[in-house]
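Below is one structure, written out as structure tokens; the observations come after it.
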Protein chains: 2
Amino acid sequence: MNRKKNSITVADVARAANVSKATAARVLGGYGVASESTRRSVIEAADRLGYQPNELARSMSTGRTGLIGVVVGDIENAFFSRAVRGISDTARAAGLNVVIANSGERPEQEREMVSVLLRQRVAGLIVAPTDDRDVRHLKDAIKAGTPVVTLDRWVPDLGADGVCGGDHAAATEVMEHLLVNGHRRIAYVTAVDLTDGRLSDLSDIPISAVRERVRGFMDAMHGTGIANSATFVRGGAVDSRSIDGIIDGLLTDEQRFTAILASDSLIGAEIYRSLSARGIRLPKDMSLVSWFDADWTRVTSPPVSIIDQPTYLFGQTAVKRLIARLEGQAIPPDQIVIPTPFIARGSTGKSRTTG
Amino acid sequence: MNRKKNSITVADVARAANVSKATAARVLGGYGVASESTRRSVIEAADRLGYQPNELARSMSTGRTGLIGVVVGDIENAFFSRAVRGISDTARAAGLNVVIANSGERPEQEREMVSVLLRQRVAGLIVAPTDDRDVRHLKDAIKAGTPVVTLDRWVPDLGADGVCGGDHAAATEVMEHLLVNGHRRIAYVTAVDLTDGRLSDLSDIPISAVRERVRGFMDAMHGTGIANSATFVRGGAVDSRSIDGIIDGLLTDEQRFTAILASDSLIGAEIYRSLSARGIRLPKDMSLVSWFDADWTRVTSPPVSIIDQPTYLFGQTAVKRLIARLEGQAIPPDQIVIPTPFIARGSTGKSRTTG
DNA sequence: TTGTACGCGTTATCAA
DNA sequence: TTGATAACGCGTACAA
């Protein structure tokens, strides 16, 4: 066993302070009792030697790591990085440390990351599950005693708490706004991979957040007597190229679309860019609404109407719930819905066909 | 000692497979030798019981964690989150895991986070140091055998490798562009806290990246015979309010400023917004350049000229260097400079005073 | 108030 | 090819 670094241990400190290992451990660990004099000499010896407690050994001994694992879809997405900030700040304040991992919105990688974190013996997990139908790894974690809180997404039969936005309500709110302004041909654009880019059934959408929004979208459409609203949903919006393709499709469609809903701010930005490049003016030629209050939505002309998702709060709430679980609260798992209000800005106006 | 979760251990697997602990450990750990038959029965027992190796115990035994610690200024800043992505991807590919922490650009918190990571026994550290003059914690880490690579910033006497942008060169390039276009009254806006918001000496800037840019900025100004260029540097740009104040100051200054350099993309976005709100037109009334190719710079009208910092590459490079250190390469620590080219877009044009 | 001795789950050494 | 057994650094009954 070739130890690489030989860091200072309690034994070293004990020796230097002429006390037993146990005594040194007690004052350094801040538990048990010790006389003022020995306490002083131990502490003196400790920072003379530059003692740094070994958190690994401590965890082995106590059985708890004080670590919480977080698996997000993409840390580069401000949606998630802000949530991570909320998680970190709140966890830190509670004396917990945070380990972050990316799933890249890929189920295999999500499973892999969860496994890594479990082997690291995290006390609990916060995960934004990539696919509703593929959550056995999360169920296993829960069964093995590691509480899980889902972030931004809700998986009913998982048995975990979930913190999500009010997706159906937000979609309804946006649609009301658009319908009142005379819009009827409205498209919903998402990154979700749909067969052929088109939606055949709601259950094809494996992420509850998106599914609920689309459900709200379609409910509203049906309410106005539009039957084929499923054809107004476009999937596969994953990069500039695919989004250019979708925009081209929408612009040349026999349905003369007057408004677009972007399922997240990355898609929103690409749509904005694509429309600008094609000389489409907002809101005159087209209205645009994006989920998430991203920086870019405030500097465009006109600024872009958004659904405000307070993801810092999402994260904060998720941690609080997780901590409650860690403390042994045995209430049934449930869904915590955080309101995500629609904020109208300049990118939405009256439909050109009526206004 | 109340163990909370009693996970399956090698001992359990060994018992189930009717072999000794040592044998089970060998096949599960993938080291040593074992006959094909025992290997099979051990593996069968392992995944029948759902064995998950305890990484903590493994680390205790081997003395290495396979963890690398990262301390960034703010994970919410796309500059850093992209770097973190570069770090994660590269580290993961090398079989290392990543623990991320925020310093909030505050020295105390940076020290605290480094300490936390060290206690976690990370194999190495990647840090964006908040203050050049306050790096004893990093020196201590290095001395104790944990290699450090600084990110985006270079601290000469630290004895650590550093991955940075070509800050002086980029500033020079931008300034050439602006000077050629007739600009002379150019302001540099940074978040760095300067006494009274004004710069008295370059050494007041505790972050090499900013210092080098300002140095390039002032060199170029001096080159045109402008002596008091230090007064063109404005500090304390930390939020909307302070930036509004700075913009107001610049617009009413007796120097009729025609161009502004934003030290990062958060500042850039706020400046853009502040200028727009005041009816200042780009580039007619004012030219603007921002560091970092943030999303928002591409959707404004006109799009904003930037200095492109490939921070994914920064992160990737930092990890590679760190791994080289972990493998024991004993070359002297040095600075790795990554080019950060100026990309002219619509926000920079001829100075109104000459054009 | 202090010290002894064992356990946590692994790896690694050395005999068998 | 296997199995006992001692580390690793810390917490913690229990005894002194």
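Order of the sequence lines sets the chain letters (A, B, ...), proteins ahead of strands, with each chain counted from 1.
- You'll find that the side chain of B/Arg64 is closest to C/dA12, out of C/dA12, D/dC10, C/dG3.
- Considering only heavy atoms from C-beta on, B/Thr311 stays 4.5 Å or farther from B/Asp152 through its side chain.
- One can find a donor-acceptor pair under 3.5 Å joining the base of C/dT10 and the side-chain atoms of B/Ser61.
- For D/dT12, neither phosphate oxygen OP1 nor OP2 lies less than 4.0 angstrom from any side-chain nitrogen or oxygen of A/Tyr31.
- Side-chain N/O atoms of B/Arg121 and base N/O atoms of D/dG9 include no donor-acceptor pair closer than 3.5 Å.
- A straight line from CG of A/Asn18 to P of C/dT2 spans 13 Å, rounded to a whole angstrom.
- Judged purely by distance below 3.5 Å, without hydrogens or angles, the side chains of A/Ser115 and A/Arg119 pair a donor atom with an acceptor atom.
- Applying the ring-ring contact (aromatic ring centres under 6.0 Å, His included) test to every pair with at least one member in residues 92-127 of chain B, sequence neighbours left out, gives no pairs at all.
- Considering only heavy atoms from C-beta on, B/Val155 comes within 4.5 Å of B/Asp157 through its side chain.
- Counting heavy atoms of neighbouring residues, nucleotides and ligands inside a 6.0 Å radius, atom CZ of B/Arg48 exceeds 12 of them.
- For the pair B/Met60 CE and D/dA6 P, the interatomic distance rounds to 17 Å; values are reported in whole Å.
- Nearest nucleotide to the A/Lys21 side chain, out of D/dT2, C/dC6, C/dT11: C/dC6.
- In this structure, B/Arg26 atom CZ and C/dA15 atom C1' are separated by 12 Å, rounded to whole Å.
- Formation of a donor-acceptor pair under 3.5 Å by the B/Arg26 side chain with backbone atoms of B/Gly30 is not found in this model.
- Taking the C1' atoms of five terminal pairs at each end of the helix from C/dT1-D/dA16 to C/dA16-D/dT1, the two resulting helix axes are inclined by 40°, rounded to 10°.
- Between B/Arg121 and A/Asn54, the closest side-chain pair of non-hydrogen atoms falls below 4.5 Å.
- Closest approach to the B/Ala34 side chain among C/dT2, D/dT12, D/dT2 is made by D/dT2 (side chain taken as heavy atoms from C-beta onward).
- Between the side chain of B/Ser7 and the base of C/dG9 there is no donor-acceptor pair of N/O atoms closer than 3.5 Å.
- What you find for A/Val42 and A/Val13 is that their closest heavy atoms are O-CG1, 3.7 Å.
- In this structure, B/Gln120 atom CD and D/dC10 atom C1' are separated by 14 Å, rounded to whole Å.
- Residues from residues 49-58 of chain B with heavy atoms under 4.0 angstrom of DNA chain D: there are none.
- A heavy-atom distance below 4.5 Å is found between the side chains of B/Pro129 and B/Arg153.
- Of all nucleotides listed (D/dG3, D/dT2, D/dG11), D/dG3 comes nearest to the side chain of B/Ala22.
- Comparing atom distances between the B/Thr23 side chain and each of C/dG9, D/dG3, C/dT2 picks out D/dG3 as nearest.
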